[in-house]
Amino acid sequence: MSEEKKSLNFLEQIIEEDLANGLPKEKLRFRFPPEPNGYLHIGHAASICLNFGLGLKYNAPVNLRFDDTNPAKEEQEYVDSIQHDVHWLGFQWDQVLYSSDYFQQLYDWTIALIKEGKAYVDDQSSEAMAIQKGTPTEPGTNSPNRDRSIEENLELFLKMKNGEFDEGSHVLRAKIDMKHTNMHMRDPIMYRILKKHHHRTGNDWCIYPMYDWTHGESDYIEQISHSICTLEFKSHRDLYDWYVDQVFDETKLELRPKQREFARRNLSYTVMSKRKLLQLVEEGVVNGWDDPRMPTISGLRRRGYTANSIRTFSDTAGISKRDNVTDVALLEHCIKDDLNKTAPRVMAVLNPVKVVITNYPKDKEEFLNANYNDYEEGFGSRPVPFSKELYIEKEDFREEANKKFFRLKLGKEVRLKNAYIIKAESCIKDENGEVTEIHCTYDENSLSGSGSEASKRKVKGTLHWVSIKHAEKAEVRVYDRLFTDEAPDGHKDKDFKEFLNPDSLNTIEAFVEPSLKTAKELDRFQFQRLGYFCVDKDTTSEKLVFNRTVPLRDSWAKMDSK
RNA sequence: UGACCCAUGGUGUAAUGGUAGCACUCCGGUUUUUGGUAUCGUCAGUCAAGGUUCGAGUCCUUGUGGGUCAACCA
């Protein structure tokens, strides 16, 4: 077997290099470390696919670790949704862990640090400390509390821990270098007082460790070999390393975790920051985190995206260190490609106009056999009812049209998919000139698949349809892009909401073939000639609701608009 | 007037000093009982200037452009 040689991304290259330099393969371990303060989005999917993908590739464990050091923002609801989303994406973690699992260990290490004179309690206001911190171009100055005695620091920190101080009154700082060119090294805060209930540790603690003090140590405890995060943490790396240095014990555990950074994945025509997504939810611009227009995992799932398509998208888009805006067309391509292979084809009419087949017996009805997929095995078939009165799409009929129009026009023939060839004879219009009824005749020997000479006749154009008498009514939610601009948050002087697309949701009453009556939530279909649709969770036994996942490519619409 | 990171077709990525490739998008042909799919094809790229080298997208220098860093957020 010749295996195609696949090029490695820069992180895989780093791993290969580490392996070549003697890192045993069994030591490889990764983690996905979300803060449970919101819902996961397609950008997180990139990180999930990357970390879990590395786990699969190197047969290494991957932990799901909740970075829960700020009880003010975190909730169990988010923990649950994140676990659900990671699972749904198809990945299996080694362990579910929480940074809060390490609060005691972190505290013990902190005491040791204080005893070494490497940390001190500061009781200045945050404003005073901000001034002393300097700026990126100017060095900072030392805090007047920087040289407190070890005894005093120990005593004050204990009081912090015991709740004897108010929130905001004291912090513990690492004693590093106030003149460091990296702002993060200017005596960063390790602990702050937060008298808040934590979703896991309850009221056990009133001091909480900061991200930097927690993250590298958590990686060290879990023996994560490669701690992969996004680019904005690059400047935290010095601090990450400094903190790991404080506790790293070569004699016990040889593995020293390393942080490496990649560029977050951006998508055109949407926004990705949690803050902005939250704003859309809170202001009612969308209907919740799982609104099918949202770039959240839950939104994409409800929209009809498959886990497979999202994984393919992440793989295809790749990773690097450059800022990027990936064309949403790539995501759409991935779902169309997946659904093309997997979705059964059915018929639904979104904008109906009535067709009467004048030479078809009045009370006759036939159940025609229709394949769920004409070109692939294994999809099976179902009966589709046919009768004298049908619906077709309004835009599939014109009284007159040029020969580029392959659809129904007066005096011309067209095939009804899975049924007969019909010919338009006349039409009835209302007072506005709008066509309300099309009268056709049918060729009774032309039934699809009957094998007759007439059935083999070539007619240009095949239309989908439903029998009026048998059709099910359904609500169809037709989605368009949420924003009209490629990079809605890329304009310095304009708010991203100025670019909201007023037509991002169009709800219509449609008619679908009766076989769809029993469809269940998340069942996915191709509505022939229209697009891919899935059953929404709002569906009840009385009412079917579909979401349009993505339309089919429509080269006629392109041609027609020219 | 700082430190650090980044720069390849319209977009996203590959080429690890040796033929600039792949995918998406766009455009066109063929096939088609979905104007879908499939299939074939076209257009299109190494930020700039120097340097090293037989040879530079890749290494060096200097520019230019973009990004990140001054939360008791992560």
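For the numbers below, each heavy atom of this structure counts, side chains included, while hydrogens, waters and symmetry mates do not. Predicted model, so just to flag it, every value in this text is computed and none were measured. Throughout, a chain's letter reflects where its sequence line sits, starting with A, and its residues are numbered from 1.
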Need one value for [X]: base, sugar-phosphate or nothing, where a base atom within 4.0 Å counts as base even if backbone is also close, heavy atoms only.
X      : answer
A/N182 : nothing
A/Y191 : nothing
A/E138 : nothing
A/Q124 : base
A/I319 : sugar-phosphate
A/R415 : base
A/F165 : nothing
A/G449 : base
A/L330 : sugar-phosphate
A/K336 : nothing
A/E35  : sugar-phosphate
A/V325 : sugar-phosphate

Please state the [atom1] separation for the pair [N] and [M] - nearest whole angstrom.
N     : M     : atom1 : value
B/A7  : B/A48 : C1'   : 12 Å
B/U42 : B/C24 : P     : 15 Å
B/U13 : B/C54 : C1'   : 31 Å
B/U62 : B/A20 : P     : 30 Å
B/A70 : B/G50 : P     : 39 Å
B/G21 : B/G57 : P     : 13 Å
B/U61 : B/U53 : C1'   : 16 Å
B/G41 : B/C60 : P     : 39 Å

Report yes if the distance between the aromatic ring centroids of [X] and [Y] is under 6.0 Å, otherwise no.
X      : Y      : value
A/Y391 : A/F511 : yes
A/F32  : A/F66  : no
A/Y420 : A/Y442 : yes

Does [X], at its [atom1] atom, have more than 12 non-hydrogen atoms belonging to other residues, nucleotides or ligands within less than 6.0 Å?
X      : atom1 : value
A/K423 : NZ    : no
A/K336 : NZ    : yes
A/E395 : CD    : no
A/R264 : CZ    : no

Any side-chain N or O of [X] under 4.0 Å from OP1/OP2 of [N]?
X      : N     : answer
A/S455 : B/U33 : no
A/H333 : B/C24 : yes
A/K458 : B/U33 : yes
A/Q13  : B/A15 : yes
A/R192 : B/C73 : yes
A/N324 : B/U13 : yes
A/K460 : B/U33 : no
A/R407 : B/G35 : no
A/S320 : B/U13 : yes
A/K321 : B/A7  : no

Residue [X], side-chain heavy atoms: nucleotide from [options] that is nearest:
X      : options             : answer
A/F233 : B/A74, B/G2, B/U16  : B/A74
A/N340 : B/U37, B/U68, B/U25 : B/U37
A/K73  : B/C69, B/U37, B/C73 : B/C73
A/T135 : B/U33, B/C72, B/A70 : B/A70
A/D67  : B/U34, B/A74, B/C5  : B/A74
A/M210 : B/A74, B/A3, B/A14  : B/A74
A/Q528 : B/U34, B/C69, B/C26 : B/U34
A/T316 : B/C5, B/A23, B/U34  : B/A23
A/S126 : B/A74, B/G35, B/C72 : B/C72
A/E74  : B/A74, B/G67, B/C69 : B/A74

| said: So that I can compare with my own list, what are the stems of RNA chain B, taken as at least three consecutive Watson-Crick or G-U pairs with distances under 3.5 Å? | reply: B:2-7 with B:64-69, B:10-13 with B:21-24, B:27-30 with B:38-41, B:47-51 with B:59-63
For the residue pair [X] and [Y], confirm or rule out a side-chain donor-acceptor distance under 3.5 Å.
X      : Y      : value
A/D67  : A/H215 : yes
A/D219 : A/Y240 : yes
A/D187 : A/Y120 : yes

| Sub-4.5 Å side-chain heavy-atom contact between A/R146 and A/D122 | no
| field | Short N-O contact, A/K558 and A/D554, less than 4.0 angstrom | value | no
Between [X] ([atom1]) and [N] ([atom2]), how many Å, whole number?
X      : N     : atom1 : atom2 : answer
A/D323 : B/U11 : CG    : P     : 13 Å
A/I335 : B/C24 : CD1   : P     : 16 Å
A/H180 : B/C4  : NE2   : P     : 11 Å
A/R345 : B/G36 : CZ    : P     : 13 Å

Can you find an N or O donor on one side and an acceptor on the other, under 3.5 Å apart, linking the side chain of [X] with the base of [N]?
X      : N     : value
A/T326 : B/U11 : no
A/R529 : B/U34 : no
A/H236 : B/A74 : yes
A/R265 : B/G12 : no

| query | Using centres under 5.5 Å plus planes under 30 degrees as the test, is A/W556 stacked with B/G35? | reply | yes
